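For reference, the structure is listed below as structure tokens.
Because the structure is a prediction, the values reported are computed rather than measured. Letters go in sequence order (proteins before strands), and every chain restarts at 1.
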Amino acid sequence: MEQRWGNRVFPVGLYGALVAALCALALPTVTEPAEKVLLGAVGLPLRFWSRLQPVVVEAGALRTEQVAVLQEQLQQRLQSTLVQGAVHLVDPGLRPEVVPVVARRRPGGSGLPSELVLGRRFEELAGCAAFVTSADAMVGFLARPGQAGPADEDASQPARVLMLHHPESLRVAASMQAPTGARPLHLVVEAAASLDPWPLRTSLWDDPYGASRFRDSGAEVRSMRVPEPWGQGMPTDLLVGRARIWGYESGETIGVYVEPAIEPRAISHVVVWRQEPAAVPEGGEAVEPMAAPAPVAVQLLSLPGLDGRRLHASWSRKDRVADGAAVSQGGVCIGTVRTLALGQGLVSAFHATRHSWSLLLLPEEAGQPVLELQGTVEGTVPGGLRIGLGGATTRAARGWLFTGSNGPNCPAGLVLGRVVEAANGHIVIEPEVVDVRAGAVAVAAGGNR
Amino acid sequence: MRWLLWFLLVPQLYLFQCWIGATGLPLFDATVLLCVFLAWFARIGCLPLLLLGAALGRALVDDAGLAVQVLVIGTPTALMVPLRTLVFRRHWVWQGAMAALVAIAVPRLSGLLGAWFAQPSQSAELHGASVLWAALLVPPFLFVLRRMPPLRGFEEDTA
């Protein structure tokens, strides 16, 4: 009787289930397949229901041709934004090449992602200069295969960039404009610790006394050329970031940190600098470019009552759709998919997500540079959808909003909507509405089978 | 058969809840209802699998993964189970009060766990009206659903 009372008060099986859930969160790769199968089985009635719907292929309010024009404008403006800032600083013998970023990983200084995975293989970037830029800013250095990564990594794998706040990145020599009248201070910029308030810290000042008299944050820190081989060909005057003073409340400076010129979570493209003429690969064979994920047609079913916020997607079981793949129709982003077993997935519409997105903003005003932003949907407000902006770049402008780099299967340049209000720290967009009635067909980025 | 019905129908309860919400009727919260049922009425030995069925349903309509859903539903349930011996749980006032508490706890837990495990979701937003409706609607809904499959098959024998 006592044991029965004990079991009623302390249900061991229930506690076991909670512990198992914690283990699943600690080891997601082990439990993920079982979760996909379970959710796939539960979603089967939705798959059957979806198959009964008539197939509808219809673009949203924005016509496909308009989307194509916008995407073309974005590409052109992005190219000039990213290249023009640095082209006059870099050795004329180097040719710029804009490369997409497909993933960000490994927390570095201040806990921010410090490694960029590029949409090119190491072998494709053979012969490029080691430094990587974005507009007039210094991003980091191209890693060599195996450097700060898996020991068995080879040249056929996606190239990586170690950003300046990566623990194994090279230090860079830099100069900082001192208060009016004083000469620039010279220093070395290196990765800060993950608990530091900013991602980069400074050391080896040529005038430590001068540095200790700094009171105001915001001074530009720019690169300086140093003798080879330590300089890695890095040019002078690339923007490393802005000084951030850390000190006592009374005003005395303890240390000077540097906030990178570009928010690491917002970077969607970088510029690598290729030797001209292009270096001939070993063996003289042309390197095959990295293939983009093949698109897969998926049939959507808006879950009842969820008003397009959450959708069930199904596709032919011969196809493979990758987790986190973008689902789009006519170049307009609907959301991203979480795949389940049996050719199904659950799509979270962009406006219903609460995680961080890398975004690209094409300002309405001609000639304005494309802005790389990091934002999180905060909810609907009168007139649209409010997106909070994070990181260093919180300025914005009216224009068109696109996806940035949100994983290997969520390509940059999908339309999200028109920015109708731009304030410091947030924007409001009129989301581009896609008709996701039952049976609507969209495209998801597939993975390699 | 009762297990088949549980795993077949309980996930659809979440879709039904969303459909009710879309019609403009007062928001009926399936998570709160299932928490109260699991904690106070379900057979103790069946709780882990019943919890799994409820979590699968919630994972259909929410961004966070299955493990987070197990914790979101299972934590308030585990805290309420000992109250079986302390309160007269069949009284609707207790059920309403507990439903209101769970209606506050579930979004808070969703937010907390979502932030910890990098799985944020919209269900972390707490609406005052949903607490009120949970207190008012969960007892009558529970009264009806406990007399119907699949919940009836798992009700604790109090005789």
Side-chain angles (χ1 to χ4, degrees), chain A residues 4-28 31-32 34-46 49 302-310 312 335-336 338 340 344 346-349 351-356 376-379, chain B residues 7-8 10-12 14-23 38-39 42 44-53 55-57 59-75 77-78 81-86 111 113-114 116-125 156:
Chain A
R4 197 176 159 202
W5 180 86
N7 193 33
R8 285 188 71 188
V9 177
F10 301 107
V12 179
L14 180 60
Y15 296 159
L18 298 181
V19 172
L22 284 172
C23 293
L25 286 165
L27 298 165
T31 53
E32 211 174 63
E35 179 176 343
K36 284 183 190 300
V37 169
L38 285 170
L39 274 169
V42 167
L44 272 180
L46 293 170
W49 179 246
S302 181
L303 295 186
L306 285 171
D307 197 21
R309 280 176 287 144
R310 199 153 174 87
H312 177 270
T336 52
R338 177 154 61 111
L340 312 177
Q344 304 170 85
L346 289 166
V347 180
S348 296
H351 62 275
T353 60
R354 291 295 179 267
H355 61 78
S356 168
T376 306
V377 176
E378 292 179 343
Chain B
F7 281 99
L8 199 66
V10 165
Q12 313 309 322
Y14 279 89
L15 297 178
F16 177 68
Q17 161 207 309
C18 297
W19 180 77
I20 293 231
T23 58
L38 294 180
I44 291 285
C46 299
L47 281 181
L49 281 178
L50 294 178
L51 176 62
L52 179 65
L56 281 170
L60 271 187
V61 297
D62 191 71
D63 275 354
L66 183 62
V68 168
Q69 308 301 354
V70 168
L71 291 173
V72 166
I73 304 173
T75 307
T77 303
V81 165
L83 299 179
R84 282 182 183 217
T85 56
L86 300 178
L113 294 169
W116 277 351
F117 298 112
Q119 298 184 25
S121 68
Q122 237 186 350
S123 64
E125 290 159 16
E156 189 183 48

Item to check | Part of B/Gln12 lying under 4.5 Å from any heavy atom of chain A | outcome: side chain
Checklist entry - With a 4.5 angstrom heavy-atom cut-off, which part of A/Leu18 approaches chain B: side chain, backbone, both or neither? => result both
Checklist entry - With sequence neighbours left out, what residues match B/Asp63 under salt bridge (Lys or Arg N to Asp or Glu O under 4.0 Å)? => result A/Arg310
Item to check | salt bridge (Lys or Arg N to Asp or Glu O under 4.0 Å) partners of A/Glu378, counting only residues at least two apart | outcome: A/Arg386
Item to check | Side-chain (B/Arg84) to main-chain (B/Ala39) donor-acceptor, under 3.5 angstrom | outcome: yes
Checklist entry - Would you call A/Arg338 and A/Glu35 a salt bridge, using N to O less than 4.0 angstrom? => result yes
Checklist entry - In terms of heavy-atom proximity below 4.5 Å to chain A, should B/Gln119 be classed as side chain, backbone, both, or neither? => result side chain
Next on the checklist: With a 4.5 angstrom heavy-atom cut-off, is it the side chain or the backbone of A/Leu340 that approaches chain B, or both, or neither?
Outcome noted: neither
Checklist entry - Where the side chain of B/Glu156 meets the backbone of B/Ala42, is there a donor-acceptor pair that is under 3.5 Å apart? => result no
Checklist entry - If you count heavy-atom pairs under 4.5 Å with chain A, which of B/Leu49, B/Val61, B/Leu52 comes out on top? => result B/Val61
Checklist outcome for this item: Cut-off 4.5 Å, heavy atoms of chain A, and the answer for B/Ala64 is backbone
Checklist entry - Pick from B/Leu56, B/Leu50, B/Leu51, B/Val70: which one has the most heavy-atom pairs with chain A under 4.5 Å? => result B/Leu56
